[in-house]
Amino acid sequence: MTNVIAKKGGEWLYLSILGLTAVIAVLVAPDYALWVFFSIIVASIIFFYPEISYYLAVLTISVELLFIDFFVRTSMHDCIFFAHLLLIIAFISWVFARMAGTRDKAPTYGLEYLIGFFMIFCAISFLWSEDRIHGSVELFILCASLSALILSIAFLKNKQTINIVLWIFIFMGIVNSVIALYSLHSQYEGTVLYQYQDFSLKMTFNPNRLAFKGHGLLPPPATAFFLNLTLFLAFGKLLSSTNLKTRILLFFIIMTIFAGHMTTLSKSALLGLLAGFIFLIINEDTLKKWFFTSAFILIAVIVFSFVISHIDTLYKTINYGVFRAVSPSEGTTSLSTRITFWTIGTDLLIKSDSLGTGIGGYKQNNVFWPHAHSIYFSTLFELGFIGLWAWLFILGEVLRRLLNSLKKCTDKYWRSILLGYIGGYISMLITGLFDFEYEYSIIWLYIGIGIALNVIIEKQTAKKNPQKLSF
């Protein structure tokens with residue numbers, strides 16, 4: 001009875017506030033009455049259905065070339081993505097829904113204290129950050145990333161919700177792959193869509209056109225990273241499907257994503273892709289029996305996709321986009337720039353007595369790039385060895401529990417989905433050695449999906465054997 005009263009009270013309070021806001025807005029600016037009306041409808045939908053904001057965030061988390069850019073100093077700027085705003089909105093509306101009693105709390109999963117410690121340490125490091133302006137932006141992004149993890153665990157509780165997220169990933173994988181293939185032949189470089197003082201809504205395109213690199217709605221390395229995860233999720237769906245038409249559809253989708261992936265020329269993502277698929281082949285019974293054949297087909301698909309995607313510039317792509325990029329010589333190659341970034345970070349770590357620069361502090365010392373191009377080194381340089389220990393513990397513990405669930409899972413559908421997911425998780429760990437940063441929202445979203453999968457499978461296992469429950 002108390003929950004019902006709280007629910008109705010929360011709804012009426014919210015509607016009263018919205019109504020009062022609408023009246024004031026119309027009186028102050030009657031010309032915008034129509035916009036106020038539509039805003040109230042959208043706000044109401046978001047409040048009563050926080051899952052919508054979450055699914056929209058999943059849909060837009062791979063949209064990074066359309067972003068909100070703003071100057072924090074005369075010569076330095078930061079940016080946030082629409083997915084960050086949607087995740088914060090979804091989290092706030094979920095909290096209100098929890099207070100009103102219309103949504104259940106997120107299930108426990110055993111890592112709350114460790115993740116909480118990591119987040120608190122990130123916040124405390126702001127006190128000694130060498131760049132508190134950029135640190136504030138990083139804290140906001142980290143809060144959005146944490147929201148992605150929590151909401152994934154809270155909302156993904158059954159086969160239906162898991163399927164929604166998987167198909168959103170696959171759909172955006174197709175979109176990014178098609179755009180990546182198109183980008184190799186496009187001359188469009190983007191534009192400023194809207195500007196107000198120091199804030200602007202920007203669309204960029206072809207950031208590496210001269211390097212023969214394709215990209216989707218993200219920069220080339222991020223496109224490859226996202227397509228890696230999508231490939232493994234789609235492969236998990238392919239293994240789990242019993243419908244011939246669905247399997248044929250997924251096969252062509254996977255081939256399209258492979259072609260889009262190869263346009264990016266991302267070596268770290270390719271290394272992660274190989275590592276993930278080797279794990280998948282070893283742990284899938286049919287593929288394991290034909291290990292060398294499966295490995296040969298994988299290499300053949302990669303080579304074929306690369307040739308097809310770069311057929312008109314094949315020689316130049318191999319010469320400029322591949323050989324030059326892996327050269328350790330000084331210049332603007334991907335390897336040499338990473339060595340430079342890591343050298344700067346090592347010096348900063350030593351100067352800070354292994355405590356790190358504090359969140360956001362690295363950018364102050366490396367104006368060429370806001371992070372160290374590694375989810376491990378970026379943690380080490382900004383949060384020191386304490387932060388790195390917590391981050392590695394989170395990543396390692398999630399992987400350990402996923403592998404335990406894989407061993408115990410006997411349901412064909414969930415085992416196939418989990419097998420594909422772990423392949424993507426391993427590719428994420430390998431790719432992350434050479435790119436991105438610890439607060440990257442796609443990583444936290446993917447971890448959240450994995451924990452949700454683990455909780456579902458562990459509960460199913462516990463029903464059959466109550467003695468075995470790892471969460």
Side-chain angles (χ1 to χ4, degrees), residues 61-67 169-190 203-235 250-277 297-327 332-335 337-338 373 423-424 427-428 430-432 434-436 440 442:
I61 203 160
S62 63
V63 181
E64 294 185 5
L65 296 186
L66 176 65
F67 56 92
F169 260 86
I170 292 171
F171 171 75
M172 291 307 296
I174 298 170
V175 171
N176 279 281
S177 299
V178 172
I179 294 177
L181 291 166
Y182 165 76
S183 67
L184 291 174
H185 309 281
S186 171
Q187 300 299 317
Y188 177 67
E189 295 185 355
M203 165 65 83
T204 60
F205 210 70
N206 279 321
N208 288 283
R209 180 163 54 88
L210 296 178
F212 305 100
K213 293 183 178 182
H215 64 84
L217 296 170
L218 314 90
T223 297
F225 177 70
F226 179 76
L227 293 181
N228 262 5
L229 304 182
T230 305
L231 270 174
F232 285 103
L233 294 179
F235 204 84
L250 284 168
F251 171 77
F252 283 107
I253 288 174
I254 289 171
M255 293 303 294
T256 302
I257 296 175
F258 260 112
H261 187 296
M262 290 303 108
T263 67
T264 64
L265 303 182
S266 174
K267 279 70 64 183
S268 59
L270 180 59
L271 186 62
L273 183 73
L274 292 171
F277 267 107
I297 293 174
L298 173 63
I299 299 300
V301 168
I302 291 173
V303 173
F304 176 77
S305 300
F306 175 80
V307 172
I308 289 298
S309 59
H310 295 280
I311 189 65
D312 55 339
T313 58
L314 190 58
Y315 174 77
K316 292 181 179 179
T317 300
I318 294 174
N319 185 52
Y320 183 90
V322 179
F323 291 150
R324 180 179 176 274
V326 298
S327 171
T332 58
T333 66
S334 58
L335 183 58
T337 51
R338 280 165 175 76
H373 268 287
S427 78
M428 179 188 80
I430 299 298
T431 307
F434 304 100
D435 225 323
F436 311 112
Y440 195 38
I442 293 179

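Note that these values count all heavy atoms, side chains included, but never hydrogens, waters or copies made by symmetry.
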Side chain to side chain contact (heavy atoms under 4.5 Å, CB included) evaluation trace for K213 with T264: CA-CA 5 Å; K213 293 183 178 182; T264 64; 5.8 Å; no

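- I302 pairs by the side-chain contact (heavy atoms from CB on, under 4.5 Å) definition with F258, M262, L270, L273, L274, L298, not counting sequence neighbours.
- With rounding to the nearest 0.5 angstrom, the CZ atom of R338 is 6.0 Å from the OG atom of S268.
- You'll find the side chain of L271 stays beyond 4.5 Å of the side chain of T431, heavy atoms only.
- Closest approach of G260 to A180, counting heavy atoms only: O-CB, 3.8 Å.
- Contacts classified as side chain to side chain donor-acceptor pair (under 3.5 Å) and involving residues 218-228 (residues at least two apart or in different chains) are given here: N228-H261.
- For the atom pair OG of S305 and CD1 of I254, the computed distance is 11.5 Å after rounding to the nearest 0.5 Å.
- What you find for T256 and S177 is that their closest heavy atoms are O-CB, 3.6 Å.
- Side-chain contact check for M428 versus L229: some heavy-atom pair is nearer than 4.5 Å.
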Pair M172-L217, side chain to side chain contact (heavy atoms under 4.5 Å, CB included): steps then yes or no: CA-CA 9 Å; M172 291 307 296; L217 296 170; 4.0 Å; yes

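- Rounding to the nearest 0.5 angstrom, the gap separating the CD1 atom in I253 from the CG atom in L231 is 11.0 Å.
- Across every non-hydrogen atom of T263 and H215, the tightest pair is OG1-N, 4.3 Å.
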Test side chain to side chain contact (heavy atoms under 4.5 Å, CB included) applied to F225 and D435, step by step: CA-CA 9 Å; F225 177 70; D435 225 323; over 6 Å; no

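- Taking the side chain as every heavy atom from C-beta outward, P220 and L265 never approach each other to under 4.5 Å.
- Legend: residues meeting ring pair (Phe, Tyr, Trp, His ring centres under 6.0 Å) with F277, ordered by chain and number and at least two apart, are F232, F235.
- In terms of the side-chain hydrogen bond (donor to acceptor under 3.5 Å, both in side chains) criterion, residue partners of S62 (sequence neighbours excluded) are, by chain and number, N176.
- Considering every non-hydrogen atom in both T230 and G173, the closest pair reads CG2-CA, 3.8 Å.
- Applying the side-chain contact (heavy atoms from CB on, under 4.5 Å) criterion to A222, with sequence neighbours excluded, gives E64, L218, P219, F436, Y440.
- Contact record, G272 with S427: O-CB, 3.0 Å, taken as the closest heavy-atom pair.
- When every heavy atom of G214 is checked against every heavy atom of S183, the shortest pair comes out as CA-OG, 3.3 Å.
- Residues that satisfy the ring pair (Phe, Tyr, Trp, His ring centres under 6.0 Å) test with F169, not counting sequence neighbours, are F226.
- With values rounded to the nearest 0.5 angstrom, I257 atom CD1 is found 9.0 Å from L250 atom CG.
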